[in-house]
Amino acid sequence: MHIESLRALFAPRRPKLSDDGHPKPGPVTIAACALLLEIAHADDAFQPEERERIARHIREEMHVSEEDIQEVFRLAEQERQQSVDLFHSTQLLRENL
């Protein structure tokens, strides 16, 4: 099996499109971002490089437009801070990816 076949197998389902034709960030995207933020914050030193790496992943792998990245980060950070554990986010990803 080639690497592209594996990527296609694990690629997220295409999200709904907004009025301007860009994919709308959904709960799976926000959950993925929240988990990535949790990992980045694990050492209590969230670096700009970590934020850019997460943003690049959300843009390229989750197909989120540049205009929606800030909103995804805001919602993911809110989710991360309000969560007692990571179960909800990991469950969402397990069911949808």
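Keep in mind it's a predicted model, so treat the numbers as computed, not measured.
Between the side chain of Ser83 and the backbone N or O of Arg80 there is no donor-acceptor pair closer than 3.5 Å.
Nearest approach of Glu50 to Ala45, heavy atoms of both residues: OE1-O, 3.1 Å. Contact detail for Ile54 and Ala40: the closest heavy-atom pair is CD1-CB, 4.1 Å.
When side chains are defined from C-beta on, Glu79 counts as touching His88, because their heavy atoms get closer than 4.5 Å.
Ion pairing of Arg59 with Glu52 is present here, as a side-chain N (NZ or NE/NH1/NH2) and a carboxylate O approach within less than 4.0 Å.
Judged by the 6.0 Å and 45° rule, Arg51 forms no cation-pi pair with Phe46.
The structure places CD of Gln81 at 9.5 Å from CD of Glu38, a figure rounded to the nearest 0.5 Å. Asp68 contributes atom CG, which lies 10.0 Å from atom OG1 of Thr29 (distance to the nearest 0.5 angstrom). In this structure, Glu61 CD and Leu97 CG are separated by 11.0 Å, a value rounded to the nearest 0.5 Å. Taking CG of Leu86 as the reference point, atom CD of Gln91 lies at 12.5 Å (rounded to 0.5 Å).
Hydrophobic clustering (side-chain heavy atoms under 4.5 Å, transitive across Ile, Leu, Val, Met, Phe, Trp, Tyr) keeps Ile39 apart from Phe73. Hydrophobic clustering (ILVMFWY, side-chain heavy atoms < 4.5 Å, transitive): Leu37 and Leu75 are in distinct clusters.
Partner of Ser89 under the side-chain contact (heavy atoms from CB on, under 4.5 Å) criterion, out of Leu35, Ile30, Val28: Leu35 alone.
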